[in-house]
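Only a predicted model underlies this, so the values are computations on that prediction, with no experimental measurement involved.
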Amino acid sequence: MDKHNEKSRLSKKELRQIWYRWGFTHLSSMSYEKLQAHAWAFSYIPFVEKYYKDDPEAKRRLLIRHSMFYNTEPQTGQIINGIVASMEEEIALGKDVPEELPVNIKATLMGPLAGIGDSLIQGIIVPVLLSIAMGMSAHGSAVGPIFYIVAYGILGPLISYLSFFNGYRLGLTAIDKIIGDNVKRITDAFNILGIMVVGGLAAGNIVLNTKLEIPMGDAVRPLQEVLDGIFPNILPLSMVILAWWLISAKQMTATKVILILTAIASLGVVIGVF
């Protein structure tokens, strides 16, 4: 029997080793030249010990091809790791799969998966969890931060785990589902949902009221009541639009925007506007 055919496929335990090595070290060794590449090579050490223990040259080639530049959203990006694990397994078992294929898959999918992952994780899950945590933190309660840490500590690894094993199960067929028009539709859907979530959070959590009063005939009415009668929460909305304009049109950093908003709020309180 050929020595390649004598090799067994990856066990669940070995697949979990690849998964958690990448999932919990992807940002531990970063550089502008390679970004997350070092974690890829680290995650495949159990793989090379299984298949290439007696073949130093094959081991070297695998670690080199997985030390090239790589960067994507780490939770949903585990789909790529799962696909590549299935491809590397086929190569190790002597199947007709070129060694360049896993590298090409990584280069092809890391961009689309970054778009989907950022829209899902940063645009929806994180804002929703933070809004719940902020509500729980009213009056200085420590329950909010604890909730966020525990909730994200469960959801993050769960998304990562499911993405990896589904990527491994689907193999190359997963590519048809996450590139081209499909990924654009998915990304657009997540972006729209993310904008709705951020809008709801802004309306529910940003408070800005004016203390100014305006004459209404013989009486004087608070300007805030007039504004609420025309457009409720128009002042918080205006601050959100200002922040969006400074970031998108003026290309300012988030730190500068926060300082500008703080200066506006502080000046408004001093002169009695807010």
| remark: Nearest heavy-atom contact between Tyr51 and Ser8 is OH-O, 2.8 Å

| task | Verify side chain to side chain contact (heavy atoms under 4.5 Å, CB included) between Asn71 and Lys34, making sure each step is shown before the conclusion. | result | CA-CA 8 Å; Asn71 186 40; Lys34 295 186 177 182; over 6 Å; no

| remark: Sorted by chain and number, sequence neighbours left out, ring pair (Phe, Tyr, Trp, His ring centres under 6.0 Å) with Phe24 holds for Trp19

| task | Go through the steps to decide whether Gln251 and Ile247 satisfy the test side chain to side chain contact (heavy atoms under 4.5 Å, CB included), and finish with yes or no. | result | CA-CA 5 Å; Gln251 301 296 309; Ile247 292 174; over 6 Å; no

| query | Are Met136 and Ile146 in one and the same hydrophobic cluster, where Ile, Leu, Val, Met, Phe, Trp and Tyr link if side-chain heavy atoms are under 4.5 Å apart? | reply | no

| Under-4.0 Å salt bridge between Lys53 and Glu49 | no

| query | Which of these passes side chain to side chain contact (heavy atoms under 4.5 Å, CB included) with Leu63: Arg65, Lys59, Arg61? | reply | Lys59

| When the ring planes of Tyr161 and Phe165 are compared, do they come out parallel, tilted or perpendicular, using 30° and 60° as the limits? | tilted

| Is there a chain of hydrophobic side chains (I, L, V, M, F, W, Y, each step under 4.5 Å between heavy atoms) that links Leu259 to Ile241? | no

| message | With a 4.5 Å cut-off on side-chain heavy atoms, are Phe69 and Met110 touching? | response | yes

| query | Do the side chains of Gln36 and Thr72 get nearer than 4.5 Å, heavy atoms only? | reply | yes

| pair Pro46-Arg21: side-chain heavy atoms closer than 4.5 Å | yes

| message | Which heavy atom of Gln224 sits nearest to which heavy atom of Asn209, and what is that distance? | response | OE1-CA, 3.2 Å

| Do Leu246 and Ile260 have side-chain heavy atoms sitting under 4.5 Å apart? | yes

| field | Rounded distance (nearest 0.5 Å) linking atom NE2 of His26 with atom NE2 of His38 | value | 15.0 Å

| query | When rounded to the nearest 0.5 angstrom, what distance separates CD1 in Ile234 from OG1 in Thr210? | reply | 12.0 Å

| message | Membership question, hydrophobic clusters at under 4.5 Å side-chain separation (ILVMFWY): are Val48 and Ile91 in the same one? | response | yes

| request: Identify the heavy atoms of Ala142 and Pro145 that sit nearest to each other, and give their distance. | output: O-CD, 3.3 Å

| message | Quick one, Ile159 with Ile121, criterion side chain to side chain contact (heavy atoms under 4.5 Å, CB included). Give me CA distance, side-chain angles, the key distance, then yes/no. | response | CA-CA 10 Å; Ile159 293 171; Ile121 305 295; 3.8 Å; yes

| Over all atoms of both residues, closest heavy-atom pair of Glu73 and Gly117 | CG-C, 3.5 Å

| field | Rounded distance (nearest 0.5 Å) linking atom CZ of Phe164 with atom CD1 of Ile80 | value | 12.5 Å

| Is there a side-chain contact between His66 and Leu62 (heavy atoms, below 4.5 Å)? | yes

| Step by step, would you call Leu170 with Ile79 a side chain to side chain contact (heavy atoms under 4.5 Å, CB included)? | CA-CA 9 Å; Leu170 293 172; Ile79 294 177; over 6 Å; no

Output side-chain donor-acceptor pairs under 3.5 Å for residues 262-274, partner residues at least two apart or in another chain, one line each.
{"from": "Thr262", "atom 1": "OG1", "to": "Ile258", "atom 2": "O", "distance (Å)": "2.7"}
{"from": "Ser266", "atom 1": "OG", "to": "Thr262", "atom 2": "O", "distance (Å)": "2.8"}

| request: Mind checking the CD-NZ spacing from Gln17 to Lys13? Nearest 0.5 Å is all I need. | output: 6.5 Å

| Nearest heavy-atom neighbours spanning Glu99 and Val103 | O-CG2, 4.4 Å

| query | Same hydrophobic cluster for Ile230 and Leu208, using side-chain heavy-atom links shorter than 4.5 Å among ILVMFWY? | reply | yes

| query | Taking the six-membered ring of Trp40 as reference, does the NZ or CZ atom of Lys106 fall below 6.0 Å from its centre and within a 45° cone about the axis? | reply | yes

| remark: In short, Tyr52 meets Glu88 closest at the heavy-atom pair OH-O, 4.5 Å

| Exercise: do Gln78 and Ser160 side chains pair donor with acceptor under 3.5 Å | yes

| Taking atom types as modelled and ignoring hydrogens, do the side chains of Glu89 and Ser86 form a donor-acceptor contact shorter than 3.5 angstrom? | no

| Atom CG in Asn166, atom OG1 in Thr76: separation rounded to 0.5 Å? | 12.5 Å

| field | Distance (rounded to the nearest 0.5 Å) between Asp118 CG and Leu113 CG | value | 10.5 Å

| message | Please determine whether residues Leu242 and Phe231 belong to a single hydrophobic cluster, defined as Ile, Leu, Val, Met, Phe, Trp and Tyr linked transitively by side-chain heavy-atom distances below 4.5 Å. | response | yes

| Taking Asp55 for the side chain and Ala58 for the main chain, is one N or O donor matched with an acceptor at less than 3.5 Å? | yes

| Close side-chain approach of Tyr148 to Ile132, heavy-atom, < 4.5 Å | no

| Member of Tyr70, Tyr168, Trp22, Tyr44 meeting the side-chain hydrogen bond (donor to acceptor under 3.5 Å, both in side chains) criterion with Asn81 | Tyr44

| task | For the pair Arg9 and Glu14, find out whether any cationic side-chain nitrogen is under 4.0 Å from an anionic carboxylate oxygen. | result | no

